[in-house]
Engineer: 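There's a structure below that I have some questions on.
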Amino acid sequence: MVTAAPAARSGGIIQDIAAGRRYVDPDIAASALTGDGYPLTDRELEVLRAARAGASIAEIAVEVHLAPGTVRNRLSTAMSKLGAPMRHAAAHRAWEQGWI
C-alpha cells in the first residue's frame, strides 16, 4: 500500500490484505502496464513462485526441473535485481508487483 492512499480507504485496504486479498494501487498498476515490463526472466519468476510457497532449494529444483545450483543462481540473480536480502523477500516483492 502506498503511503499516499486516502485515509478513508486505508482501513479497508488493510482489512483486505489481512484477509489475504491483494491491493493494487491504481497509479502503480497504470505505471506497470505502460512501463517496460518486469526485470525478471521467466525462469527467475518460476523459482520465486516456488520460493514464495515455502519450498526448499531441493524442492524448487524438482518442481522446476533444474539443478539445485541453478536454482540458487536464479534466486540470487532475482534477489539482486529486486534488491532483496533473502529469497522470500524477493518472492514477496514479485508477488506485490503482480508478477507471480
Side-chain angles (χ1 to χ4, degrees):
M1 180 171 86
V2 295
T3 56
R9 178 70 180 115
S10 296
I13 294 169
I14 292 169
Q15 288 175 340
D16 287 348
I17 293 170
R21 292 185 292 273
R22 291 186 184 186
Y23 170 76
V24 178
D25 180 85
D27 293 332
I28 294 173
S31 176
L33 291 173
T34 59
D36 292 332
Y38 46 85
L40 303 172
T41 67
D42 289 341
R43 281 301 226 178
E44 289 163 353
L45 290 172
E46 187 176 25
V47 295
L48 285 177
R49 190 173 295 111
R52 185 168 190 281
S56 68
I57 297 291
E59 292 167 334
I60 294 170
V62 169
E63 182 178 332
V64 300
H65 308 288
L66 292 172
T70 303
V71 169
R72 279 192 291 278
N73 290 341
R74 298 272 194 257
L75 288 170
S76 178
T77 302
M79 289 164 43
S80 178
K81 288 179 179 180
L82 297 175
M86 299 181 305
R87 69 179 182 249
H88 299 98
H92 185 72
R93 286 185 188 165
W95 179 79
E96 286 180 320
Q97 295 297 318
W99 300 333
I100 61 172

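Just so you know, residue 1 is the first one in the sequence shown, and it goes up from there. Keep in mind that the numbers below use all heavy atoms, side chains included, and drop hydrogens, waters and symmetry copies.
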Engineer: Could you pull out the closest heavy-atom pair between A90 and L48, with the gap in Å?
Structural biologist: CB-CD2, 3.8 Å
Engineer: I'd like to check L82 versus L40 (side-chain heavy atoms, cut-off strictly below 4.5 Å). Are they in contact?
Structural biologist: yes
Engineer: Using the side chain to side chain donor-acceptor pair (under 3.5 Å) criterion, which residues pair with Q15? Sequence neighbours excluded.
Structural biologist: none
Engineer: Under the criterion side-chain contact (heavy atoms from CB on, under 4.5 Å), I'd like the reasoning laid out for I57 against L75: C-alpha separation, chi angles, the key distance, then a yes or no.
Structural biologist: CA-CA 9 Å; I57 297 291; L75 288 170; 3.5 Å; yes
Engineer: Identify the two heavy atoms, one from P85 and one from A89, that lie closest to each other, and give their separation to 0.1 Å.
Structural biologist: CD-CB, 4.1 Å
Engineer: Would you mind listing every ring pair (Phe, Tyr, Trp, His ring centres under 6.0 Å) that reaches into residues 48-92, with sequence neighbours excluded?
Structural biologist: H92-W95
Engineer: Mind jotting down which residue pairs meet the salt bridge (charged side-chain N to carboxylate O under 4.0 Å, His left out) criterion with at least one end in residues 69-95? Sequence neighbours excluded, please.
Structural biologist: E44-K81
Engineer: If I compare all heavy atoms of A61 with all of V71, which pair ends up nearest, and what's the gap?
Structural biologist: CA-CG2, 3.6 Å
Engineer: For residues L45 and M79: do they belong to one hydrophobic cluster (side chain heavy atoms under 4.5 Å, members Ile, Leu, Val, Met, Phe, Trp, Tyr)?
Structural biologist: no
Engineer: Please examine the side chains of L66 and R43, heavy atoms only from C-beta on, and report whether any two atoms are closer than 4.5 Å.
Structural biologist: yes
Engineer: Indicate yes or no: does E46 engage R49 in a salt bridge with an N to O separation below 4.0 Å.
Structural biologist: no
